[in-house]
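I have placed the structure first, in the form of structure tokens, so that the comments after it can refer back to it.
Residue numbering restarts at 1 for every chain, and letters A, B, ... go by the order of the sequence lines.
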There are 2 protein chains.
Amino acid sequence: MSITIGEVTIGEAARLSGVKVNTIRFYEDRGLLPAPPRSDGNQRLYGDDHVARLRFIRHARDLGFPLPEVAELLDLAHRPEAPCDAADAIARRQLAEVQRRISQLQSLAGELERMIGFCAHDRVATCRILETLADHALCATDHHAGRDATSDVAIGTASHAGP
Amino acid sequence: MSITIGEVTIGEAARLSGVKVNTIRFYEDRGLLPAPPRSDGNQRLYGDDHVARLRFIRHARDLGFPLPEVAELLDLAHRPEAPCDAADAIARRQLAEVQRRISQLQSLAGELERMIGFCAHDRVATCRILETLADHALCATDHHAGRDATSDVAIGTASHAGP
DNA sequence: CTTGCAGCTACAGCGACTGTAGATGTTACG
DNA sequence: CGTAACATCTACAGTCGCTGTAGCTGCAAG
């Protein structure tokens, strides 16, 4: 018989996995997806296992795992007897990273909200948003510089002071 | 007189602004910072206005504004008579983007927490983390594909089905 | 006069793709 | 069977926002 069910082209694999065609080739190049057999006309032919692997990669990527960690997870996934501590560690590391990014973004959102709330919707000259950026610019690096910044510093296109 | 106070080298400007030397040159290249005058020995000489501008850029970048928007904000900042709606719009756009990223990351963290919570800390064969990735891999793209994925798909190195 | 750091230009590299050019393969229609 | 339209092939450039490097030159101190 030799029924090779589910052997699909790269385009079909892309459709089935939700990974773009170019990205599939990219993953192959990076060793995340083994090189598939080719047709007579040199076209890649993928089986269900490839497609499943692509979906695994896609999901892991959606969760924010960088490619090296995705590779690690894939590696673990096909060694069923290995202890799962490693996978746990990777997931926890990733969770910590994600939480770090969330709190970073939250303080950032808070500052943006404050900026927007203060905006008088008048002229740029009195715009709190730009003032905030300029003011913070002046004080944000006090730990770098001892010099007391004069408050009349222009943000404009630095016209160079004549010699 | 022609007292050109505060003319500093690039290294000093870096220290004062918190922007790295290479990054300052990069910003100049990208048109965010005007090319400063040079010394006899061809070295850049920055004034207070340049340093203030660098601090403005740095703060805007810290808030996550991409460079083109930073450029827009800088543009606005030195046109004091322009209405500040544009700055407001940029800030609001940025806030929306940040909030979008936060909620994305939060659902992501939720999923990671669920994965980790379910982990039996046994063998990979029963590891919920890897199963979650594989399972979701199988259902996550149902909207792409009509084909009902068989549940015995291996994630392992796609050994190609013989012809 | 030498030492050593700071600055100069120009370019390669990161991560994770995306998009393109130009050649070939495959398929549908007449 | 021909042809048109589309899919795939390889190979490489571009994206973003830097960072780091190599191999120079400038400059202040001892």
- D/dC9 OP1/OP2 closer than 4.0 Å to side-chain N/O of A/Arg44: yes
- Are A/Arg38 and C/dT24 close enough that a side-chain N or O sits under 4.0 Å from OP1 or OP2? no
- Check whether the side chains of A/His59 and B/Glu111 place a donor and an acceptor atom closer than 3.5 Å, and report yes or no. yes
Set of side chain to side chain donor-acceptor pair (under 3.5 Å) partners for [X], sequence neighbours left out:
X: A/Glu97; value: A/Arg100
X: A/Gln99; value: B/Glu113
X: B/Glu69; value: B/Arg93

- Message: Which residues pass the side chain to side chain contact (heavy atoms under 4.5 Å, CB included) test with B/Ser107, not counting sequence neighbours?
- Response: none
Mind calculating the distance between [atom1] ([X]) and [atom2] ([N]) to the nearest angstrom?
X: A/Ile10; N: D/dC9; atom1: CD1; atom2: P; answer: 5 Å
X: B/Glu28; N: D/dG17; atom1: CD; atom2: P; answer: 18 Å
X: A/Ile24; N: D/dA7; atom1: CD1; atom2: P; answer: 14 Å
X: A/Arg15; N: D/dA7; atom1: CZ; atom2: C1'; answer: 14 Å

- Those residues that, when tested against B/Asp85, pass salt bridge (Lys or Arg N to Asp or Glu O under 4.0 Å) (two or more places apart): none
- Item | B/Asp62: salt bridge (Lys or Arg N to Asp or Glu O under 4.0 Å) partners, not counting sequence neighbours | none
Listed pairs, N/O of protein and of nucleotides 22-29 of chain D, under 3.5 Å:
from	atom 1	to	atom 2	distance (Å)
D/dC27	OP1	B/Gly41	N	3.3

- What salt bridge (Lys or Arg N to Asp or Glu O under 4.0 Å) pairs are there with at least one residue in residues 18-45 of chain B, not counting sequence neighbours? B/Glu28-B/Arg44
- Sugar-phosphate atoms are those with a prime plus P, OP1 and OP2; base atoms are the rest. Using that split, label each nucleotide of nucleotides 11-20 of chain C B, S or - for protein heavy atoms under 4.0 Å, 5' to 3'. -----BBSBB
